[in-house]
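Residue numbers begin at 1 in each chain, while the letters A, B, ... track the order of the sequences.
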Number of protein chains: 2
Amino acid sequence: MNTKANQKRQTPSRAWEDYLKIIYKLESSENLGKGVQTKELAQRLAVSQASVTNMLKKLAEEQYIDYQPYYGVSLTEAGRLVAMKMLRNHRVLETYLVARLGYSWDEVDEEAETLEHFLSDKLVERMWHDLGQPTHDPHGSPIPSIDGQIEPVQLQSLTEITLQTPVRLKWIKNRSPEELRYLASIGLHINAQIVIKNQAPFQGPLLIEVDDQHFHALDYRMALALFVEAE
Amino acid sequence: MNTKANQKRQTPSRAWEDYLKIIYKLESSENLGKGVQTKELAQRLAVSQASVTNMLKKLAEEQYIDYQPYYGVSLTEAGRLVAMKMLRNHRVLETYLVARLGYSWDEVDEEAETLEHFLSDKLVERMWHDLGQPTHDPHGSPIPSIDGQIEPVQLQSLTEITLQTPVRLKWIKNRSPEELRYLASIGLHINAQIVIKNQAPFQGPLLIEVDDQHFHALDYRMALALFVEAE
DNA sequence: AAAAAAATTTAGAGTAAGCTAATAATTTTT
DNA sequence: AAAAATTATTAGCTTACTCTAAATTTTTTT
Ligand SMILES: [Mn+2]
Ligand SMILES: [Mn+2]
Ligand SMILES: [Mn+2]
Ligand SMILES: [Mn+2]
């Protein structure tokens, strides 16, 4: 009856869930195959690095992550499943708010960031079925399946597209509400058609035509966050 | 620049909100005009009496309650408004889950008990408008208005009704999911017609007829929680 | 009015999650 | 290969909320 070894893995708290979700996001958008850094986590979670170190020890203890002190962390399968559940909760809710309660795509993230931790499985599944089992959220992010599978994103950034080739907007990655409102105001919603007419040098703005209608100058950094598919 | 006096009142935490909500419920269902007791709060919140005392000091400090040590507590106006917001959030959500997501009345309380603390005003108002601005939840409890007004319940308990007088069921107070399912199974939903055919002595069961269809024996303690209105 | 019972508060401690400052390890630059 | 810069960890505190056990006050019973 060893008190430590026998202990059940606890239900992850809100804090743990946010850590695991961010670790997942950093892991999958990471250029290299290295572990996720303490510093990056601290930034994304808006807590001190010391707090992150402290929490990583607990997450490792409960086997949600593999932790090599000084060399970063990666998710275990248990940790990945927690992250997937958060992404599913978050994205199903966002989709529901837009489709059923008149939210616009810039309003949903704030609501979902908190509620993702408190929605029951039952509620998420009922929303998802009511919506017709959607596969993507209002920003084009894939919704993990209930058993934790997620479609790999196979899209190109708008910055990688050659001039004059019409493409369709499929995913907007991580933009602020203000930026999302701006994008909507120039017609850049999911599935909009985009043709790059010109690209200024030195990572300068792109001249784009949207849905064969209007021309706009698009900042290079913004273009980096727009992911598209050949028509 | 006194650190204490200048301090803003903090946004109430989930724990504070639950305390204030329960204080409200005990205050308004209390027989006498005395303060709400520490012991009752401890029972309803499932925490120790010492924890309650500790929390009451903080709530009094922030002026959400009036607290007379040893003689119980009552809500201030600020405290009452917090309680009303929780009841509104809780009851609007319950109504939404039943009307829009196929929940039955015995499933909604569990979901609402947690989510009431995390729903934004925007979301609650959108659900409420989408539902057509309902005034009562699926159990018949009144939904406070957005500015904290609540309709006083003016109903009689089924135990106070004379034999053979048809009445309509308007409110089921505080029943467990199991009891709610049982009530539904014998046709006792909101607005069902009830006629008491007989009442056994010594607070024994009531013989009732439901919607002119079926007869049932109803436990006296259950009847105490059913509130009705003359037809 | 005293004794007994019940309710309440106080004392002391624990856990979760955060912080700053100090220290240590790693990585980058020279 | 040193020095400098960066990143990470440790040490020591803090706050919010909870607990049990002991002490105190109020209420009820005798
Ligand atoms: Mn989001
Ligand atoms: Mn979150
Ligand atoms: Mn309820
Ligand atoms: Mn609650």
Value in whole Å for how far the [atom2] atom of [N] lies from [atom1] of [X]:
X     : N      : atom1 : atom2 : answer
B:N54 : D:dA16 : CG    : C1'   : 9 Å
A:R44 : D:dT7  : CZ    : C1'   : 18 Å
A:Y70 : C:dA24 : OH    : C1'   : 5 Å

Sugar-phosphate, base or nothing in reach of B:S48, heavy atoms under 4.0 Å: base
So, is the end of the B:R80 side chain (NZ or CZ) under 6.0 Å from the ring centre of B:Y24 and within 45° of the ring's axis? no
With A:R88 as the cation and A:W128 as the aromatic partner, state whether NZ or CZ is under 6.0 Å from the six-membered ring centre and within 45° of the axis. yes
Hey, is the side chain of [X] poking within less than 4.0 Å of OP1 or OP2 on [N], counting only N and O atoms?
X     : N      : value
A:Y19 : C:dG18 : yes
B:Y67 : C:dT8  : no
B:S51 : D:dT18 : no
B:S13 : D:dC17 : yes
B:Q49 : C:dT9  : no

Does atom CD of A:Q156 have more than 12 heavy-atom neighbours, drawn from other residues, nucleotides or ligands, at distances under 6.0 Å? yes
When both distances are under 3.5 Å in a Watson-Crick or G-U wobble arrangement, the nucleotide paired with C:dT30 is D:dA1
